[in-house]
Q: 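Attaching a single structure in structure tokens format; questions to follow.
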There are 2 protein chains.
Amino acid sequence: MIKRLRYENGDLDAVDLRILRMLVDDARASVAEIARSVGMSAPSVSERIRRLQEGGIIEGYTIRINPAAFGLPLAAWLRIRPVPGQLGTVSEILRDIPEIATCDRVTGEDCFIARVHVGSVPDLERVIDRIIPYAMTNTSIIQSSPVTERLPMPAGAND
Amino acid sequence: MIKRLRYENGDLDAVDLRILRMLVDDARASVAEIARSVGMSAPSVSERIRRLQEGGIIEGYTIRINPAAFGLPLAAWLRIRPVPGQLGTVSEILRDIPEIATCDRVTGEDCFIARVHVGSVPDLERVIDRIIPYAMTNTSIIQSSPVTERLPMPAGAND
DNA sequence: CATGAAAACAGGTCTTA
DNA sequence: TAAGACCTGTTTTCATG
């Protein structure tokens, strides 16, 4: 059985998925180029992209940054477990730490998972020292990335 | 003391940082618009963007996807610890699971940290079932995101 | 197919090492 | 004086009706 991806305006078909993959890969690919690749006219592709935006599937356009290239070669995941009563404080501190590139609130023993980019181990220590008064932390240095940011897909989707 | 962001071709100044922030926020902002915002001519901004690309700081252009909008409303972080001797196998399996949007190899007790997007709890179970023969897993459902993907910055940077 | 906007390009000026 | 950064005007490309 084939799974169908749905959104408010109807089904996403294989062409939509190919368009999305191309845009994830290179958001500056021209409409003409995408059209050629999927075998459609440029206006048709243009219209599909418009619908993907209005359906909220494409939230926006952004750049991929290489933190190492501007002096932040050390990346780590921090798991953060606030001491009772300090959850709000910790949340605010995390937002205020500029080295944190992303942070999610999660279920389970840890309350937050944050990705940090720093220049050195002492810099990492300084980041942790800002959190440690209000939470227990657990740090994992990123060594490599077997899967870099890509379009998630349900198993057996209609692509 | 002001920290200076360095890259191979020299220093990044405050204007470069503003350009990067604008592009992270909206990679389709026109050069003219960015130029107006930073108080420069379009060609100057264009030249700076070119240098940021050639310096490897801007790795590429991409789109922000909302997985919930196309039928994957449930997101989770998986921590994965392969049983001895199965690290390579696990790494391959993780690459093959289409629901995994990103996966890092890390130091510490866990070997991998992966973000998955699925349609339902049963779908999450199916993902975990593919991994469990070769590794111990620990799952944290994402509830919210106090910090959404942003440009990391050293404390006290020259912006 | 035509129109309008936006980006790439070329040439000229000013500052600074 | 030479190099680099920026600005103005022009051309060409691309998205859109």
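What you see is a predicted model, and the numbers here were worked out from it, not measured in a lab. Naming: A, B, ... by sequence-line order, numbering from 1 per chain.
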Q: Rounding to a whole Å, what distance do you find between B/Asp16:CG and D/dA5:P?
A: 11 Å
Q: If we ignore angles and hydrogens, is there a donor and acceptor under 3.5 Å between the side chains of A/Gln86 and A/Thr89?
A: yes
Q: Whether B/Arg126 and B/Asp123 form a salt bridge (side-chain N of Lys/Arg under 4.0 Å from carboxylate O of Asp/Glu) is what I want to check.
A: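 The answer is yes: the pair qualifies as a salt bridge.
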Q: Is B/Asp104 salt-bridged to B/Arg115, going by a charged N under 4.0 Å from an acidic O?
A: no
Q: Starting from P on D/dG4, measure out to CG on B/Asp13 and report it in whole angstrom.
A: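 Nearest whole value for this atom pair: 17 Å.
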Q: Just report the end-to-end axis angle for the helix from C/dC1-D/dG17 to C/dA17-D/dT1, five pairs per end, to 10 degrees.
A: 20°
Q: Is the closest basic N to carboxylate O distance between B/Glu47 and B/Arg50 below 4.0 Å?
A: yes
Q: Evaluate the side-chain proximity of A/Ile100 to A/Val116: yes if any heavy-atom separation is below 4.5 Å, no if none is.
A: yes
Q: For B/Glu47 and D/dT8, give me the distance from atom CD to atom P, rounded to whole Å.
A: 17 Å
Q: When the distance from CG of B/Leu23 to P of C/dA7 is rounded to whole Å, what number comes out?
A: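 To the nearest whole Å, that distance equals 11 Å.
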Q: Are A/Tyr61 and A/Gln53 close enough that a side-chain donor and a side-chain acceptor fall under 3.5 Å?
A: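 Yes, a side-chain donor-acceptor pair sits under 3.5 Å.
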Q: Is it true that B/Asp13 and B/Arg48 have a side-chain N and a carboxylate O under 4.0 angstrom from each other?
A: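 Yes.
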Q: Given atom CD1 of B/Ile34 and atom P of C/dA8, what is their separation to the nearest angstrom?
A: 11 Å
Q: Using atom CZ of B/Arg51 as one end and atom P of C/dA8 as the other, report the distance to the nearest whole Å.
A: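 In whole Å, C/dA8 P lies 15 Å from B/Arg51 CZ.
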Q: Return a single string for nucleotides 11-17 of chain D, one symbol per nucleotide in 5' to 3' order, where B is base contact, S is sugar-phosphate-only contact and - is none, cutoff 4.0 angstrom on heavy atoms.
A: ----SS-
Q: Starting at CZ of B/Arg50 and ending at P of C/dA7, how long is that distance when rounded to a whole Å?
A: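 It works out to 17 Å between those atoms.
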Q: Side chains of B/Ser145 and B/Thr148: any donor to acceptor distance under 3.5 Å?
A: no
